[in-house]
Amino acid sequence: MIYSPQKYAIADERMKPFIDEKEIHGFIENTKPTKERVREVIAKSLDKNRLSLEETAVLINATDPELIEEIKHGAKTLKERVYGKRIVLFAPLYVGNYCTNNCKYCGFRTTNRKQVRATLTEEQLVREVEALEETGQKRLILVYGEHPKYDAEFIADSVRTVYKVKKGNGEIRRVNINAAPMEIEDFKTVLEAGIGTYQIFQETYHRPTYGSVHLAGKKADYNYRLTGLDRAQESGIDDVGIGALFGLYDWRFELLSLIRHVNHFEACYNVGPHTISFPRIKDASEYDIPEKYKVSDEDFTRLVAILRLAVPYTGLILTAREPAEIRDEIMSFGVSQIDGGTKIEMGSYSKKEEEQNLDKEQFKISDNRSLGEIIEDLVDKEYLPSFCTACYRTGRTGQHFMEFSVPGFIKKFCTPNAMLTMAEYLEDYATPVVKDKGYKVISKNLEEMEEDDFKKKVLVRLNRIRGGERDLYF
Ligand code: SAM
Ligand code: SF4
């Protein structure tokens, strides 16, 4: 589908592509990263201000190892000041891998004859969700290929099905989706099914590269994809996630473009995207991407630290595409969400363990630990795992809600809700060892709270959870 200004006349300027390659290259080529300037920019971010494109370019161009260390240290400080130890967990669930697009990096590309294609039936979907609930998951992102089978009605139905599944004390309380961009009316259909975040990645913001890796299908239309989240916003979906697939083009260009995308959102809707994802490209069946722009571990960790400083109040999502060691470093820069217990082969949550098989999945993941193992590792490092879904369920979304902009928000809502959802997990799903370790982390977080009426309320709710009640939140 070709972008047509007439069609979106109501949405005026907002529906126009907003990436100016010359402008972005200009910042990369002309910004000078003196020591003083780099330090000034880090200090601005630590004062909880968003960075401009020029300021982000200052950090990008700082290649002196001492300055890179200062940038990483800045990101860690920001994390400690703002986000504390909480980390939200979710799992991806692949609903269907038929796809009419031909993305040269993806195992689901239409030309990949080796790929085993499937769409979960309602019954299979229920089994997958039950299996996820049995491990303690509460938040899912449903993922779909792009195919006429997966129209808005199909997606809405699958979302409704997931919400209905209850296994023991288990339930999914927030369903996000990652699906191809749609028309405004279709987004409305999906919104009515109760989705949390709508997530879609531009993959690369660089037009020539975009054209060279998206060979066929609707996804080949750069503008239609770029304005997808504007149509989502127009339909009433005010909680959206953006992202770039690192490894297709120069990471510096992609990083600045992500910031440009945030600017566009703030200018048009008074609110930035809820989350930013930064998947790094992984091997896949029929994968056909040159090595030229492959992002090294060193550049990858550095780019996430810069991103953290550039948008201090936007959620960052890190996935199991990355191995545990990289996940550990990046989490210390203030990632707000990670996936745990991830399986990306269709229907694999309800199956017994099998070897990973590239012909049955979209790409290769690097962190294959179970949710239980990830939680144990997190609590060992004194993180506070969270399955909180309170904001979305109490209407704290979009313009009316930005964790960062509401003073004391994290203290008042996020940390207590993390403790409550973690206590539920420990009661229902943890081994005795993890239960013991987990309650120690909760106690430590309680000790850090002021002795006031609010703390008493948190303690009462924790006791109610121990007594068998569920789904208590602020
Ligand atoms: N089909 C929809 C689309 O393309 O937007 C949604 C699902 S797609 C399966 C989800 C994301 O996976 C893509 O946006 C892309 O960034 C990522 N992805 C695809 N191939 C990948 C690879 N080889 N390594 C890492 N991530 C990949
Ligand atoms: Fe299809 Fe998405 Fe894979 Fe592209 S990235 S081939 S659109 S599933």
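Predicted, not measured: the structure shown is a model, and the values here were computed from it. Order of listing sets the numbers, starting from 1, for every ligand and every atom in it. For this chain, numbers begin at 1 and follow the sequence in order. Quick note: numbers below take in every heavy atom, side chains included, and nothing from hydrogens, waters or symmetry partners.
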Report, in ascending order of atom number, the atoms of ligand 2 lying under 4.0 Å from any heavy atom of [X].
X	answer
K219	2 (Fe), 4 (Fe), 5 (S), 7 (S)
R109	6 (S)
F108	3 (Fe), 6 (S), 8 (S)

Exercise. Sub-3.5 Å donor-acceptor pair from the side chain of R50 to the main-chain atoms of V311, do we have one?
Worked result: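 Flag not set: sc R50 to bb V311 has no pair under 3.5 Å.
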
Problem set entry | Side-chain donor or acceptor of S235 paired with backbone N/O of E185 under 3.5 Å |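 The answer is no, because no donor-acceptor pair under 3.5 Å joins these two groups.
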
For this session: Determine, for Y392 and R174, whether the Lys NZ or Arg CZ falls below 6.0 Å from the six-membered ring centre while staying within 45 degrees of the axis.
Result: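 Yes.
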
Who's the nearest protein heavy-atom neighbour of [atom], and how far?
atom	answer
atom 3 (Fe) of ligand 2	C106 SG, 2.3 Å
atom 4 (Fe) of ligand 2	C103 SG, 2.3 Å
atom 7 (S) of ligand 2	N101 ND2, 3.2 Å

Are there any protein N or O atoms under 3.5 Å from the N or O atoms of ligand 1? List them with distances, or say none.
from	atom 1	to	atom 2	distance (Å)
ligand 1	1 (N)	Y144	O	3.0
ligand 1	4 (O)	K219	NZ	2.8
ligand 1	5 (O)	R225	NH1	3.3
ligand 1	5 (O)	R225	NH2	2.6
ligand 1	12 (O)	R321	NH2	3.3
ligand 1	12 (O)	Q362	NE2	3.2
ligand 1	14 (O)	E203	OE1	3.4
ligand 1	14 (O)	E203	OE2	2.5
ligand 1	16 (O)	E203	OE1	2.6
ligand 1	16 (O)	E203	OE2	3.4
ligand 1	23 (N)	Y105	O	2.8
ligand 1	23 (N)	K282	O	2.8
ligand 1	24 (N)	K282	N	2.9
ligand 1	26 (N)	R321	NE	2.9

Salt-bridged, [X] to [Y], with N to O below 4.0 Å?
X	Y	answer
E203	R225	yes
D471	R393	yes
K166	E171	yes

Exercise. Quick one: salt bridge (Lys or Arg N to Asp or Glu O under 4.0 Å) pairs with a partner in residues 256-265, sequence neighbours left out?
Worked result: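 Checked against salt bridge (Lys or Arg N to Asp or Glu O under 4.0 Å) - neighbours excluded - the pairs reaching residues 256-265 are E23-R260.
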
Problem set entry | side-chain contact (heavy atoms from CB on, under 4.5 Å) partner of R302, chosen from D297, T63, V295 |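 Going through D297, T63, V295 one by one, the side-chain contact (heavy atoms from CB on, under 4.5 Å) with R302 is satisfied by T63 alone.
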
For this session: Verify the ring-centre separation between Y205 and H261: is it less than 6.0 angstrom?
Result: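 Here the rings of Y205 and H261 have centres that are less than 6.0 Å from each other.
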
Exercise. Atom 1 (Fe) of ligand 2 to C99: any N/O/S contact under 2.8 Å?
Worked result: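 Checking atom 1 (Fe) of ligand 2 against C99, an N, O or S atom does fall under 2.8 Å.
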
